[in-house]
Amino acid sequence: MDESERRERLADIAPDLLEELEAEEEADDRVLPDLPNAEEGEVVMRAAPNPNGPWHLGHARMPAVIGTYKERYDGEFICRFDDTDPETKRPDLDAYDAILDAIAFLGFEPDRVLRASDRLETYYDHARELIDLGGAYTCDLSGERFSELKNAGEPSPNRDKDPETVREEFEAMVAGEYGAGEMVLRVKTDIEHPNPALRDWVAFRMVDTPHPRPEAESYRCWPMLDFQSGIDDHLTGVTHIIRGIDLQDSAKRQRFVYDYFDWEYPEVLHWGHVQLDEYDVKLSTSTIKALIDDGELDGWDDPRAPTLASVERRGIRGEAIVESMTELGMSTSDVDLAMSSIYANNRDLIDDDANRYFLVRDRPDDPAVVRDIVGGPETGQPPLHPDHEERGTRTIPAGRVRLESSDLPASGGQVWLKGFGCVRHIRDAFEYVGDDISMVREGDVPVVHWAPAEEGLETLMRTVEGDVRGYAEPDVADADVDDVVQFERVGFVRIDSFDPEPSDTDAGPTGEEDLVAYYAHP
RNA sequence: GCUCCAGUGGAGUAGUGGCCAAACUCACGACCCUCUCACGGUCGAGCCCCCGGUUCAAAUCCGGGCUGGAGCACCA
């Protein structure tokens, strides 16, 4: 029975329970506050990523929230790549698709995908119009010199240039007749505005480095974010802008342009930065990129990297991330997101489907040890899932077994090998005691996982803290690549590959392994 | 220095003048269940930044502090 069939059944036998269930779910969806001035079917929002690298976990918040609001209001979700800096934050040509993949992984699909670098002529046209309205002037002051004047509340000497000259000089900018730093176009705001951040800001500057996209490589005169984004938000009908507090002055800057054009500014919401616990690596595209370039990380999906590609490979569902991100709400203060919250959401999603297997870890501080079993059955037969007996059992050869040394009982002590029975540790062997479960229920016999010494699969388990080696029971081979399973008493993992190719970095498989699994969480 | 924003248990959020000696999720501790340290269940510890003011009544409104964050780029 799938979800909808179950619901139909429930509607038949207990309509009030179904109603209750739906009311609860409705409430769960309401973790985000309502959008101001939002009308059903009229809401348009955009995510405006800079494609200067694949996404880290923090980036998931924007599509998670926009996607959730889109569903609530039957709105529109635009993905606009703000790729207007060919130099300092140079776009990575692979990142455009990597970002769209990440959005899909989170379970959303943008209604429209735009690239700012396709839209330069539009920005130029609006700049010309702004110049004609007396709202902008070309300025050849150095950034440093202008900053001095600005901080003193003094205007640039270029501020009152006649519009003809401004127009000519701007056309020269567009034609690429200036080099970087020689000329900018400034928006005329208020040079004595109390907030220095708003005074006559730069709308266009010259960049010598060609854009990496062939379609845009001939442009040299590039708009700044506040101009480009402001124009695009209006032109694409954005009704609600959501952005970080680092851009809290953007709306105020852009309003000057909107006022010149007599446009109405969208609703704006700001939020703080997201910090993550659990990772050693900073949530920063450039930091992660540098670590990959230095070979400290294997790539964007290295389990140690706080990226979306990484958690996807670990078997964490996009839905779990979306839930945690929307639970953060819309507060403007910085927030710390606990990975455990994502893990808890994910566990809810996967626990029922994840079959159980054993992995005996072989770690330097807790090495795997081998013991012969004297007596007892040939095999152990634990269930694939404790809540689903119909799935059947696994078969684990006994006789000679391996377990983690911290699970090894003291000499004379007993231990219950899960799915097999109770053994006593005598000298360097296990003596079969029996399979009367009351020894576990009433006695103090600990229950442990184990693997066969000979038939076990040599396994590499890749975790956030680094690689762990061990031996998995042979029936793990019945699982498929991409399956999420639980290694009992260890945690949930995603089956990544069987008989892997060796990796060319320090971490990762050597090629000797039978199995590579990526660790998700306990 | 100037300008903005925010401060509720360990993390996140709810509460926007009385129903709040404060709720929910995660984490934590104990116990129950269990052939897993998963799942499920019960219980527990732990919070309104400070000082004033308004009010019969303040987590909630006002003022002042303090603390934290952001911007003042020819980055996004």
Side-chain angles (χ1 to χ4, degrees), chain A residues 27-28 30-33 48-52 82-85 87-91 116 139 141-144 146-147 150-151 153 178 180-186 193-199 201-207 222 224-226 228-229 243-250 252-253 270-275 277 285 323-345 347-348 350-352 354 356 358 380 382-383 385-387 416-422 435 437 439-441 445-449 486-492 521-522:
Chain A
D28 279 350
R30 292 278 159 172
V31 285
L32 289 175
N50 178 349
N52 63 336
D82 281 355
D83 54 349
T84 55
D85 179 5
E87 199 168 275
T88 323
K89 287 200 171 164
R90 184 162 232 271
C139 178
L141 253 35
S142 70
E144 204 174 288
F146 178 80
S147 181
K150 176 198 71 181
N151 289 334
Y178 299 103
E182 289 175 6
M183 189 67 83
V184 298
L185 184 76
R186 288 186 185 282
H193 195 284
N195 186 345
L198 310 187
R199 298 173 188 164
W201 47 274
V202 173
F204 286 83
R205 85 298 204 183
M206 305 302 299
V207 180
W222 286 90
M224 299 290 288
L225 171 92
D226 282 320
Q228 172 266 123
S229 176
R243 59 182 156 215
I245 38 169
D246 48 332
L247 263 25
Q248 63 191 331
D249 289 334
S250 273
K252 292 168 191 158
R253 278 200 272 255
H270 291 107
W271 60 31
H273 298 281
V274 181
Q275 290 302 322
D277 61 357
T285 305
E323 280 173 26
S324 289
M325 287 295 173
T326 53
E327 278 163 13
L328 293 180
M330 295 295 296
S331 129
T332 57
S333 42
D334 289 353
V335 292
D336 293 330
L337 173 60
M339 281 304 289
S340 60
S341 152
I342 293 177
Y343 296 160
N345 287 329
R347 207 179 289 119
D348 277 351
I350 63 173
D351 185 60
D352 204 55
R356 271 53 172 170
F358 292 155
H385 191 114
D387 302 333
W416 184 281
L417 303 182
K418 198 166 154 57
F420 176 77
C422 183
D435 63 353
I437 193 61
M439 285 187 279
V440 169
R441 290 191 179 149
V445 178
V447 176
V448 304
H449 60 288
Q486 188 202 45
F487 285 144
E488 294 193 61
R489 306 210 306 143
V490 174
F492 293 90
H521 49 73

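In what follows, chains are A, B, ... by sequence order, proteins preceding strands, each numbered from 1.
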Specify the separation, in whole Å, of atom [atom1] of [X] and atom [atom2] of [N].
{"X": "A/His270", "N": "B/C4", "atom1": "NE2", "atom2": "C1'", "answer": "10 Å"}
{"X": "A/Asp387", "N": "B/C35", "atom1": "CG", "atom2": "C1'", "answer": "13 Å"}
{"X": "A/Phe492", "N": "B/U36", "atom1": "CZ", "atom2": "P", "answer": "14 Å"}
{"X": "A/Asp277", "N": "B/A11", "atom1": "CG", "atom2": "C1'", "answer": "8 Å"}
{"X": "A/Glu323", "N": "B/G12", "atom1": "CD", "atom2": "P", "answer": "19 Å"}
{"X": "A/Asn345", "N": "B/U13", "atom1": "CG", "atom2": "C1'", "answer": "13 Å"}
{"X": "A/Leu337", "N": "B/U13", "atom1": "CG", "atom2": "P", "answer": "10 Å"}
{"X": "A/Met339", "N": "B/G12", "atom1": "CE", "atom2": "C1'", "answer": "15 Å"}

Say you pick atom [atom1] in [N] and the same atom in [M]; how far apart are they, in whole Å?
{"N": "B/U8", "M": "B/U13", "atom1": "C1'", "value": "10 Å"}
{"N": "B/C24", "M": "B/C47", "atom1": "P", "value": "16 Å"}
{"N": "B/G1", "M": "B/C48", "atom1": "P", "value": "31 Å"}
{"N": "B/C28", "M": "B/G17", "atom1": "C1'", "value": "35 Å"}
{"N": "B/A38", "M": "B/A27", "atom1": "P", "value": "10 Å"}
{"N": "B/C50", "M": "B/A58", "atom1": "P", "value": "15 Å"}
{"N": "B/C51", "M": "B/C56", "atom1": "P", "value": "22 Å"}
{"N": "B/U25", "M": "B/G15", "atom1": "C1'", "value": "16 Å"}

Closest-nucleotide ordering on RNA chain B, the 5'-leading residue of A/Asp348 and A/Ile437: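 Mapping each residue to its closest nucleotide by heavy atoms, the 5'-most match is A/Ile437.
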Position toward the 5' end of RNA chain B (nearest nucleotide), A/Pro386 or A/His193: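 The residue whose closest nucleotide sits nearer the 5' end is A/His193.
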Check whether any side-chain N or O of [X] sits under 3.5 Å from a backbone N or O of [Y] as a donor-acceptor pair, and report yes or no.
{"X": "A/Asp435", "Y": "A/Phe420", "value": "no"}
{"X": "A/Arg205", "Y": "A/Ala203", "value": "no"}
{"X": "A/Ser229", "Y": "A/Asp226", "value": "no"}

Listed partners of A/Phe492 passing ring-ring contact (aromatic ring centres under 6.0 Å, His included), at least two apart: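 ring-ring contact (aromatic ring centres under 6.0 Å, His included) check on A/Phe492 returns A/His521.
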Under the ring-ring contact (aromatic ring centres under 6.0 Å, His included) test, residues paired with A/His270 that sit two or more places apart: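 Partners of A/His270 by the ring-ring contact (aromatic ring centres under 6.0 Å, His included) criterion come out as none, since no residue qualifies.
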State, with a plain yes or no, whether a side-chain heavy atom of [X] is found less than 4.5 Å away from one of [Y].
{"X": "A/Leu247", "Y": "A/Leu225", "result": "yes"}
{"X": "A/Asp334", "Y": "A/Ile245", "result": "yes"}
{"X": "A/Asn345", "Y": "A/Glu327", "result": "yes"}
{"X": "A/Val447", "Y": "A/Arg489", "result": "no"}
{"X": "A/Ser250", "Y": "A/Arg243", "result": "yes"}
{"X": "A/Arg347", "Y": "A/Pro522", "result": "yes"}
{"X": "A/Val490", "Y": "A/His449", "result": "yes"}
{"X": "A/Val448", "Y": "A/Leu417", "result": "yes"}

Any A/Ser324 side-chain N or O less than 4.0 Å from OP1/OP2 of B/U25: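 The answer is no; no side-chain N or O of A/Ser324 sits under 4.0 Å from OP1 or OP2.
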side-chain contact (heavy atoms from CB on, under 4.5 Å) evaluation trace for A/Phe146 with A/Arg186: CA-CA 11 Å; A/Phe146 178 80; A/Arg186 288 186 185 282; 3.2 Å; yes
Classify [X] by what it touches in the nucleic acid, base, sugar-phosphate, or nothing, heavy-atom distance under 4.0 Å.
{"X": "A/Gln486", "answer": "base"}
{"X": "A/Gly419", "answer": "base"}
{"X": "A/Phe358", "answer": "nothing"}

What does the list of N/O pairs under 3.5 Å between the protein and nucleotides 27-34 of chain B look like, with a distance for each?
none

A/Asp336 and A/Asp277: CA distance, side-chain angles, deciding distance, side-chain contact (heavy atoms from CB on, under 4.5 Å) verdict: CA-CA 7 Å; A/Asp336 293 330; A/Asp277 61 357; over 6 Å; no
Residues A/Asp246, A/His273; criterion side-chain contact (heavy atoms from CB on, under 4.5 Å); working and verdict: CA-CA 9 Å; A/Asp246 48 332; A/His273 298 281; 4.2 Å; yes
Protein-to-nucleotide contact annotation, 5' to 3' order, nucleotides 70-76 of chain B [B base; S sugar-phosphate only; - none; under 4.0 Å, heavy atom]: BBBSBBB
Between N or O atoms, less than 3.5 Å apart, protein on one side and nucleotides 61-67 of chain B on the other: list the pairs.
none

Any donor-acceptor N/O pair under 3.5 Å between B/A38 base and A/Arg489 side chain: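 Not at all, since no donor on one side and acceptor on the other fall under 3.5 Å apart.
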Secondary-structure stems, RNA chain B, at least 3 Watson-Crick or G-U base pairs under 3.5 Å: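 Stems for RNA chain B, defined as runs of 3 or more consecutive pairs: B:1-7 with B:66-72, B:10-13 with B:23-26, B:28-32 with B:40-44, B:49-53 with B:61-65.
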